[in-house]
Protein chains: 2
Amino acid sequence: MSDPIRVVLVDDHRMFRSGVKAELGDAVAVVGEAPDVDSAIKVVREVQPDVVLLDVHLPGGNGNGGSDVVTGCAGVQTPGGDPVRFLALSVSDAAEDVIAVIRAGARGYVTKTISPGDLDTAIRRVAEGDAVFSPRLAGFVLDAFGATAGEIAEVDEELDRLSQREREVMRLIARGYQYKEVAKELFISVKTVETHVSSVLRKLQLSSRHELTSWAMSRRLL
Amino acid sequence: MSDPIRVVLVDDHRMFRSGVKAELGDAVAVVGEAPDVDSAIKVVREVQPDVVLLDVHLPGGNGNGGSDVVTGCAGVQTPGGDPVRFLALSVSDAAEDVIAVIRAGARGYVTKTISPGDLDTAIRRVAEGDAVFSPRLAGFVLDAFGATAGEIAEVDEELDRLSQREREVMRLIARGYQYKEVAKELFISVKTVETHVSSVLRKLQLSSRHELTSWAMSRRLL
DNA sequence: GGGTGGCTCAGGGTCGACCCTCATGGCGGC
DNA sequence: GCCGCCATGAGGGTCGACCCTGAGCCACCC
């Protein structure tokens, strides 16, 4: 297995990161760690690892599928070099979490109950370009993707009409964040948040944040 | 600090247990581990640790407050020896989780985002009989227990402090009704609705209708 | 090069949410 | 009879939510 695989760990619990490192030992080289989305992006840019092992529920992410987490990282690929692969590591085995993550570009999804040996294997396979899923998840992952013939598409047409940024704003608003808080969270101005919210409400044909909350809940986006 | 404190770790994620051990190092002696409720009880009986550090959401527990986890362990005390203390370690910062755990007999509750140093301190304090809570949680823990004078009251005392009319208004507001709509529904003026809402928010120590919604949902009042 | 769409922001406006103070009348307890 | 709680409501204020217009920047596409 030539050189050890270079891995970046992203998880907001330092304890957990430490545990993964301890359990994996020399099997892989942990070349970076990050507790949140922003520093994750930075670290991944710097060290260009083979695999990013990341928790789905992160501060800065919305804890809700983590698509922005992964897509945020996805922009980080070096055109010339080897691609950076993402392996999601989550406590959740909910279908929507898994599908959102895969949709966002991750190559695998395993739960935190995985044994160190299996995790090692999963990391290697992802590094080689394979897709890896915990056995319990494999079934409905295949269902979801088989059913939609190629692209994910179709799943939620209304949601698809929103841009990435609009979706991020939408999720926070639906959760009860104030504009000011959303602005701080996303590092943009309150005015920009207003603009995005207006677009979201218009595109979804809703008229208030309360309806947005119901809408989001009915689609299990929260 | 004489002998190191003897700790049993209970968490279904081996990675996490390993991380805790690695981070705490020699500060405490991890004398046992368990991934689920049954083996936790067995291990605790065997080794009689000073402190049990346990995740709230465990297989075998109901993932819903974890009271059976802790009560299960609570029966394990040796009459003669030093008492075994429980420190809950959870990803959740939801009030109901915290209160259920405390109610079940735990002496502290910290979130998994805690730093190793703080966790060490928390373990020591719990071992000495103190109660320890993450700062964010301390507030409503005190509220919950101060308000109910000793035992957790059978009925919801906070809810009892609301008058009949206030409760009606509260329900509608929590459902997303606008003041105007509530007024029409109850045949009173908007100004009266405002007054009631203010009372409700003050009595429940909330600050917005969004928090009201969460509060009401957490009590299944919707 | 021009068009399109996404992301960013500003000014300025309406209206709802929430607060404080104040006032009325009824009802029950000390 | 006074006090306290409740229900009702008004006046007046601050601030957040939401809208419209307009605008600059960038990336992509034809």
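A, B, ... follow the sequence lines: proteins, then strands. Residue 1 opens every chain.
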- Please figure out whether A:Ser198 or B:Val190 has its closest DNA chain D nucleotide nearer the 5' end. B:Val190
- Query: Counting only side-chain N and O atoms of A:Ser163, is one of them less than 4.0 Å from OP1 or OP2 of C:dG6?
  - Reply: no
- Message: Please identify the 5'-most and 3'-most nucleotides of DNA chain D with any atom under 4.0 angstrom from a heavy atom of chain A.
- Response: D:dG16 to D:dC19
- Query: Is there a donor-acceptor pair closer than 3.5 Å between any side-chain N or O of A:Glu46 and the backbone N or O of A:Val43?
  - Reply: no
- Item | Near-strand residues of residues 176-184 of chain A, defined as heavy-atom separation under 4.0 angstrom from DNA chain C | none
- Task: Report the residue (A:Ile173 or B:Thr192) whose heavy-atom-nearest nucleotide on DNA chain D is the more 5′ of the two.
- Result: B:Thr192
- Item | Spacing of B:Arg202 atom CZ relative to C:dC20 atom P, expressed in whole Å | 8 Å
- Query: Under the side chain to side chain donor-acceptor pair (under 3.5 Å) test, which residues partner A:Glu181, sequence neighbours left out?
  - Reply: none
- Backbone of A:Arg6 reached by a side-chain donor or acceptor of A:Asp50 within 3.5 Å: yes
- Between A:Lys191 (NZ) and C:dG12 (C1'), how many Å, whole number? 8 Å
- Would you tell me if any nitrogen or oxygen in the side chain of A:Ser189 comes within less than 4.0 Å of OP1 or OP2 on C:dC9? yes
- Item | side chain to side chain donor-acceptor pair (under 3.5 Å) against B:Arg17, all qualifying residues, sequence neighbours excluded | B:Glu33
- Message: Run the salt bridge (Lys or Arg N to Asp or Glu O under 4.0 Å) test against A:Lys191 and tell me which residues pass, sequence neighbours left out.
- Response: A:Glu194
- Message: For B:Thr195, give me all partners under side chain to side chain contact (heavy atoms under 4.5 Å, CB included), at least two apart in sequence or on another chain.
- Response: none
- Message: My understanding is that only residues two or more places apart in sequence, or in another chain, count here; which of them pass side chain to side chain donor-acceptor pair (under 3.5 Å) with B:Thr192?
- Response: B:Ser189
- Task: Mind checking salt bridge (Lys or Arg N to Asp or Glu O under 4.0 Å) for A:Arg165 and listing every partner two or more places apart, or none if nothing turns up?
- Result: A:Glu168
- Message: Going by the rule side chain to side chain contact (heavy atoms under 4.5 Å, CB included), which residues pair with B:Arg209 if we only count those two or more places apart in sequence or in a different chain?
- Response: A:His210, B:Ile173, B:Tyr179
- With sequence neighbours left out, the residues meeting side chain to side chain donor-acceptor pair (under 3.5 Å) with B:Glu23 are A:Arg14, A:Ser18
- Who are the ring-ring contact (aromatic ring centres under 6.0 Å, His included) partners of A:His13, not counting sequence neighbours? none
- Note on the structure: Whether each nucleotide of nucleotides 22-30 of chain C has a protein heavy atom under 4.0 Å at its base (B), only at its sugar-phosphate (S) or at neither (-) is summarised, 5' to 3', as ---------
